[in-house]
Number of protein chains: 4
Amino acid sequence: MKERARRKAERPGEIIEAAFDAFAERGFAATRMEDVAARAGVTKGAIYFYFETKERLFEEMVDHYSRDMLADAGAMLAVAQGTCAEKLRAFLSFMYGRCACDRRGREMIRFMVSDGKSFPQLVESHHRNFFAPAMGMIAELLAAGVASGDFRPEVLKHGAEIVIAPSVFLTLMRLIFGSNLAIDEEAYIAAHVDLLLNGLLTPAGRENLSSGKACGEALSPI
Amino acid sequence: MKERARRKAERPGEIIEAAFDAFAERGFAATRMEDVAARAGVTKGAIYFYFETKERLFEEMVDHYSRDMLADAGAMLAVAQGTCAEKLRAFLSFMYGRCACDRRGREMIRFMVSDGKSFPQLVESHHRNFFAPAMGMIAELLAAGVASGDFRPEVLKHGAEIVIAPSVFLTLMRLIFGSNLAIDEEAYIAAHVDLLLNGLLTPAGRENLSSGKACGEALSPI
Amino acid sequence: MKERARRKAERPGEIIEAAFDAFAERGFAATRMEDVAARAGVTKGAIYFYFETKERLFEEMVDHYSRDMLADAGAMLAVAQGTCAEKLRAFLSFMYGRCACDRRGREMIRFMVSDGKSFPQLVESHHRNFFAPAMGMIAELLAAGVASGDFRPEVLKHGAEIVIAPSVFLTLMRLIFGSNLAIDEEAYIAAHVDLLLNGLLTPAGRENLSSGKACGEALSPI
Amino acid sequence: MKERARRKAERPGEIIEAAFDAFAERGFAATRMEDVAARAGVTKGAIYFYFETKERLFEEMVDHYSRDMLADAGAMLAVAQGTCAEKLRAFLSFMYGRCACDRRGREMIRFMVSDGKSFPQLVESHHRNFFAPAMGMIAELLAAGVASGDFRPEVLKHGAEIVIAPSVFLTLMRLIFGSNLAIDEEAYIAAHVDLLLNGLLTPAGRENLSSGKACGEALSPI
DNA sequence: AATGAATGAGGGTTCATTCAT
DNA sequence: TATGAATGAACCCTCATTCAT
């Protein structure tokens with residue numbers, strides 16, 4: 001039987017998944033290696049066969065899920081098409097799908113908040129790989145919209161943050177209040193997009209949105 | 001001597017302040033009672049004279065700062081006047097002052113995110129005392145604006161969350177990226193208010209805003 | 001009661017004694033902190049109140065007994081008088097008393113042999129503080145004897161090591177064979193001194209020895 | 001294939017050599033089976049194919065080198081010839097060659113000192129096979145010398161220990177101070193032999209030494 | 001009121017040993 | 001034969017908590 005080989009190849013992944021759950025549940029400091037081990041169905045010692053220390057396990061776990069998110073984001077952006085407003089919608093859709101509603105992305109934020117001070121390189125890498133590029137992409141998109149006359153020029157400064165804030169806010173509420181939070185997700189997103197576009201668009205932009213005219217430039221990938 | 005009495009009365013407060021700093025620095029689990037004691041200028045044992053356990057110290061510390069925020073919020077709301085848009089501005093001003101920019105409010109959010117699962121009553125109380133009332137107040141305010149024709153009716157559903165999201169987003173960025181975050185706070189707030197009002201107001205509302213007509217109802221206090 | 005203060009002052013010493021016994025019994029690596037604690041009549045944790053790590057405990061224990069030996073050696077040398085041969089006898093007497101027969105000195109040698117590679121500064125300090133000075137002193141003594149015509153000039157090179165070797169040899173036998181070693185200590189020392197002086201002395205020296213003529217120079221202290 | 005068979009036959013020896021190096025380097029307790037395995041170029045598991053436990057590996061390793069030394073000693077003694085003094089010289093030469101200067105013999109002493117208490121049968125066997133016979137042989141040799149008038153009768157009691165002490169002393173210095181020890185080995189041995197014979201020989205013995213008259217009895221082998 | 005020595009229950013990590021492959 | 005993943009029993013060290021002073 002190839003059982004042995006199969007396990008060997010999959011163990012690190014299983015442990016990383018278990019680590020994600022365990023760390024998400026109780027935070028880095030309060031999680032015991034034994035908790036992780038139990039979730040992974042192995043004993044404490046086995047973890048040390050694959051990961052040097054608790055810190056390394058945490059880092060590699062975060063890295064692992066970061067890579068996933070990065071790949072998804074790149075893929076998403078490569079295919080976004082249509083008017084500036086439609087591109088914006090596509091981007092927000094990704095944000096909601098990956099950050100607010102997907103547990104993985106959500107808990108990554110918790111890790112940043114809870115343990116970022118203990119793992120500064122984790123924060124830095126997140127900033128470099130996600131936050132800055134994402135902000136940059138939206139800023140570009142907004143600038144393109146302003147250039148094409150679709151968006152009001154006031155959004156050039158810090159518009160990007162304002163634009164995505166509601167999706168992150170929803171994420172945060174979920175992190176804090178969990179499933180107790182009674183929010184109609186679809187309505188929430190609709191409200192976000194409505195308010196956003198209404199605040200963003202020029203009269204000309206509104207016309208373009210209904211007529212479906214494409215936004216001038218293509219977005220650069222992450 | 002009076003000195004002794006003074007110390008006695010102030011000790012719990014000093015310890016609570018120290019606890020805030022210590023827990024904010026490293027999180028609940030990773031903070032040692034001795035860290036707190038050292039910051040408060042006492043020894044471990046002294047803390048146990050005032051607080052039963054580490055958990056209780058944490059809870060009472062959070063309670064203490066919650067009460068402060070609660071008082072401030074109540075005061076602020078009692079005096080908000082003017083048009084609906086101006087009331088909204090006043091509210092946002094409070095949000096930025098207390099959450100995004102004030103360290104105290106900011107770290108309270110960190111406590112929620114990091115240790116909320118271990119202290120559910122803390123989360124619940126925060127929800128009951130802050131989140132729900134604040135959302136309710138804004139919802140009322142928005143409803144009033146819609147009723148008076150100032151605000152577009154689309155904001156009735158989940159508009160409140162969208163409205164405050166950027167201020168909380170800024171808070172979160174500060175929590176995660178700390179002082180490394182290069183954001184022009186004034187411009188950020190200006191962008192927020194601009195985009196928000198532009199998205200929110202009806203044509204009639206725009207006129208009212210410039211003419212300074214007050215919004216119909218008063219807001220209920222928290 | 002002053003019980004508390006008394007214990008506090010004496011605890012480190014008690015722990016060091018316990019550490020000596022424990023480390024002598026099983027070696028550094030095989031000794032558990034709990035062994036030391038049990039011998040000292042405290043719990044594991046208490047040791048860490050006084051000593052940072054197991055390594056530091058070991059080092060401080062060795063330092064402690066080294067200081068004792070150093071003081072004794074200095075005192076001994078200050079008072080050695082008489083002919084060169086008599087001074088030599090006095091020195092050997094010290095060697096036997098402190099190294100071969102005293103458990104403390106004996107186990108210090110075991111620590112050097114067993115754990116010297118892990119504690120190189122311990123070895124270096126032992127070399128600097130004991131071995132080199134002791135060899136130097138004997139070499140001086142031998143040189144003085146050669147100068148006065150009492151000792152044969154052949155001993156000038158490496159005579160010091162040959163001279164003390166039997167006392168160290170006895171120490172080593174005790175370390176290895178323990179109480180199983182059936183050696184008549186007095187006879188052993190007598191044989192050592194007899195063979196040594198017989199090999200060392202010139203015909204003139206023999207006369208001086210019986211007539212009690214003092215050796216020219218005084219020895220320098222350690 | 002022959003290669004496989006060759007390896008099979010040599011593996012235990014390779015592991016024993018690796019074990020010697022590893023245990024000599026860090027001591028029994030601090031040495032990991034993996035250290036041994038790495039030195040032997042195999043994996044941990046392979047060692048357990050040849051040796052039941054870490055303890056057994058240690059014991060068999062010591063046994064192995066003991067047998068080597070035993071064989072050498074026997075061979076040496078069988079051919080020693082000449083005067084008593086010359087036989088003594090031959091014996092010392094063996095001591096220096098096998099104990100003081102040969103790494104193998106030297107480290108055996110370290111094992112005795114460091115781990116003898118944990119392996120009492122090892123100590124006992126060493127005593128029975130080496131120490132006691134060697135002492136006995138020298139004692140016999142000295143007795144023969146006394147009987148023949150070559151040696152002074154004072155050496156009959158404990159003379160053997162005194163006689164070999166300097167060679168063991170040099171060994172010990174090497175064990176403790178390693179290569180930092182600056183000793184001119186040839187001069188050291190010369191000083192030893194000079195002082196020893198001078199202390200040992202009667203006037204008649206001196207004559208015999210120069211004239212080369214053989215010592216009466218043959219030595220019994222170990 | 002406060003100290004700080006001491007406890008004791010863990011938690012992270014190591015490592016001798018096993019066993020399926 | 002040999003591998004190396006896995007186990008589980010320790011071991012070092014930490015820290016919340018207690019209590020005599």
Quick one: [X] [atom1] to [N] [atom2], roughly how many Å, whole number?
{"X": "C:Arg56", "N": "F:dC12", "atom1": "CZ", "atom2": "C1'", "value": "16 Å"}
{"X": "B:Asp35", "N": "F:dA16", "atom1": "CG", "atom2": "P", "value": "8 Å"}
{"X": "A:Leu57", "N": "E:dG11", "atom1": "CG", "atom2": "P", "value": "16 Å"}
{"X": "D:Ile47", "N": "F:dA2", "atom1": "CD1", "atom2": "C1'", "value": "12 Å"}
{"X": "B:Phe49", "N": "F:dT17", "atom1": "CZ", "atom2": "P", "value": "17 Å"}
{"X": "B:Phe51", "N": "E:dA2", "atom1": "CZ", "atom2": "P", "value": "12 Å"}
{"X": "B:Glu34", "N": "F:dT18", "atom1": "CD", "atom2": "P", "value": "16 Å"}
{"X": "D:Phe58", "N": "E:dA16", "atom1": "CZ", "atom2": "C1'", "value": "16 Å"}

Counting only Watson-Crick or G-U wobble pairs whose two distances fall under 3.5 Å, which nucleotide matches F:dT21?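 Pairing partner, where one exists within any strand: E:dA2.
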
For E:dT13, which nucleotide is its Watson-Crick or G-U wobble mate, given both distances must be under 3.5 Å? F:dA10

Between [options], which one does the side chain of [X] approach most closely?
{"X": "C:Ala46", "options": "E:dT13, F:dG8, E:dT7", "answer": "E:dT7"}
{"X": "A:Thr43", "options": "E:dT17, E:dG12, F:dT7", "answer": "F:dT7"}
{"X": "C:Tyr48", "options": "F:dC13, F:dT17, E:dT7", "answer": "F:dC13"}
{"X": "D:Thr53", "options": "E:dA2, E:dC15, E:dT17", "answer": "E:dT17"}
{"X": "D:Arg32", "options": "E:dC15, F:dC12, F:dA16", "answer": "E:dC15"}

Can you tell me if the side-chain N/O atoms of A:Arg11 get under 4.0 Å from OP1 or OP2 in F:dA6? yes

Establish, with yes or no, whether the OP1 or OP2 oxygen of F:dA16 is under 4.0 angstrom from a side-chain nitrogen or oxygen of B:Lys54. yes

What is the nucleic acid contact for C:Tyr50, judged by heavy atoms within less than 4.0 Å: base, sugar-phosphate only, or nothing? sugar-phosphate

More 5' along DNA chain E: D:Glu52 or A:Phe28, using each one's nearest nucleotide? A:Phe28

Take D:Phe20 and D:Arg104, measure what side-chain contact (heavy atoms from CB on, under 4.5 Å) needs, and give me the verdict at the end. CA-CA 9 Å; D:Phe20 174 86; D:Arg104 293 275 146 81; 3.6 Å; yes

Look at the side chain of C:Lys44 and the base of E:dT7, then say whether one donor and one acceptor between them are separated by less than 3.5 Å. no

Determine whether A:Glu17 and A:Glu14 make a side-chain contact, defined as any pair of heavy atoms from C-beta on separated by less than 4.5 Å.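 No - every pair of side-chain heavy atoms lies 4.5 Å or more apart.
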
Quick one: are B:Met33 and B:Tyr48 in side-chain contact, heavy atoms under 4.5 Å? yes

For A:Gly41 and C:Glu55, take the nucleotide of DNA chain F holding the closest heavy atom to each; which residue's nucleotide lies nearer the 5' end? A:Gly41

How do B:Met33 and D:Gly45 order along DNA chain F: which one's closest nucleotide is nearer the 5' end? D:Gly45

Name of the residue among B:Phe119, B:Phe28, B:Tyr65 meeting ring-ring contact (aromatic ring centres under 6.0 Å, His included) with B:Phe23: B:Phe28

After noting the C-alpha distance and the side-chain angles of B:Asp21 and B:Arg103, does the key distance pass the salt bridge (Lys or Arg N to Asp or Glu O under 4.0 Å) rule? CA-CA 10 Å; B:Asp21 290 343; B:Arg103 181 165 161 264; 3.0 Å; yes

With no hydrogens and no angle check, is any side-chain donor or acceptor of B:Arg106 less than 3.5 Å from a backbone partner on B:Leu175? no

